[in-house]
Amino acid sequence: MKNKKILYQEVSDSIKKDVIEGKYPINSYIPTENELEEMYNVSKITVRKAIQILCNEGYLVKQSGKGTEVISNRPFNILSKASSFTTILEKSGKQVEKKVLSAVETDLYSEENFKHDRIVEISRMFNISHEPTILFKHYISVPKHTDLAAVEQKNFSLYTFMASVGTQISYIDDEFSAEVVSEEIKQMLKLSKDFALKRIRKSYDKNNFLVEYTVAYYDTAKQAYVIDYEV
């Protein structure tokens with residue numbers, strides 16, 4: 001932490017990483033200001049600025065007389081006040097099962113100006129109420145020596161994985177359209193018709209480098225796509 005001008009941001013990023021990776025679980029309290037001063041060898045003002053950033057981003061909340069509580073561990077929490085589609089479904093009582101089908105290196109989308117030369121293609125299927133409903137193909141830009149073992153874990157989270165390798169998303173482009181799908185996709189999703197809702201999502205960092213390119217197909221006959229915004 002040599003650059004004093006951004007010292008509070010570095011402390012904030014470090015605490016956020018610990019929250020996302022589970023060191024400080026939801027409903028637990030992060031160390032006190034005095035403890036954080038000692039941990040990071042910084043001033044109280046720096047600690048307070050770092051904590052305020054995370055409060056503004058929706059990760060922490062200050063509890064009078066108790067400390068600073070963790071209220072969210074969602075990577076890129078500040079990007080949107082909309083609940084994720086799967087969160088909405090789970091809150092409504094739907095069972096959502098996520099399965100990684102494959103994870104391989106590819107150069108398929110290298111012309112899209114990815115941040116890193118190493119591109120990983122991750123295919124996933126989301127089953128809703130035991131029915132195949134959403135098919136994802138993620139193209140993720142990762143540093144050269146990234147260990148892909150986390151992708152194979154049962155509770156794999158795409159954005160937690162991206163955050164763990166240092167990816168910071170600044171903005172996202174989302175595009176939806178109704179598309180006629182290939183026979184392969186039709187069979188994988190067990191579609192009753194020849195078309196599905198197609199989604200193309202592009203995520204960029206603060207330097208406008210592409211860090212994620214995702215193509216997804218939704219069987220809206222089984223489950224309508226729902227958006228729930230917090231206002």
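What you see is a predicted model; the values in this text were computed from it and never measured.
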J.: Could you tell me whether K190 and E131 have a side-chain N and a carboxylate O separated by less than 4.0 Å?
T.: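 The answer is no: the pair does not qualify as a salt bridge.
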J.: Applying side chain to side chain donor-acceptor pair (under 3.5 Å) to D13 and Q9, what does each step give before you reach the verdict?
T.: CA-CA 6 Å; D13 289 344; Q9 184 65 63; 2.9 Å; yes
J.: Do you know which two heavy atoms are closest between K222 and L189, and how far apart they sit?
T.: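 Heavy-atom minimum between the residues: NZ-O, 2.6 Å.
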J.: Can you tell if the side chain of P143 reaches within under 4.5 Å of the side chain of V165, non-hydrogen atoms only?
T.: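 Side chain of P143 against side chain of V165, heavy atoms only: contact under 4.5 Å found.
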J.: Quick one: closest heavy-atom pair of I169 and S203, and the distance?
T.: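 Shortest heavy-atom separation between I169 and S203 comes out as CD1-CB, 3.6 Å.
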J.: Salt bridge between K144 and D117, side-chain N to carboxylate O under 4.0 Å?
T.: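 No, this pair does not count.
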J.: Angle between ring planes, F161 versus F156, binned at 30° and 60°: parallel, tilted or perpendicular?
T.: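 Ring orientation, 0 to 90° scale: tilted.
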J.: Ring centroid separation for Y139 and F114, is it under 6.0 angstrom?
T.: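 No, they do not, as the ring centres are separated by 6.0 Å or more.
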J.: Without swapping roles, check the side chain of N207 against the backbone of F209 for a donor-acceptor pair under 3.5 Å.
T.: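 No: the side chain of N207 does not pair with the backbone of F209.
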J.: Where is the tightest heavy-atom contact between S12 and I53, given as atom of each residue plus distance?
T.: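 That closest heavy-atom pairing would be OG-CG2, 3.4 Å.
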J.: When you compare the side chain of I30 with that of D18, does any pair of heavy atoms fall below 4.5 Å?
T.: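 No, too far: nothing below the 4.5 Å cut-off.
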J.: Does the side chain of N56 come under 3.5 Å of the side chain of Q52 through a donor N or O and an acceptor N or O?
T.: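 Yes, because at least one side-chain N or O of N56 sits under 3.5 Å from a partner of the opposite role on Q52.
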J.: Closest approach of A163 and I20, non-hydrogen atoms and distance?
T.: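 Nearest heavy atoms, A163 then I20: CB-CD1, 4.2 Å.
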J.: Which pair of heavy atoms, one from M125 and one from I134, lies closest together, and at what distance?
T.: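 Closest pair (atom of M125, atom of I134, distance): SD-O, 3.3 Å.
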J.: Less than 4.5 Å apart, any side-chain heavy atom of L36 and any of I15?
T.: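 Result yes, sub-4.5 Å side-chain heavy-atom pair found.
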J.: Ignoring hydrogens, what is the shortest heavy-atom contact between A196 and Y218? Give both atom names and the distance.
T.: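 That closest heavy-atom pairing would be CB-O, 3.4 Å.
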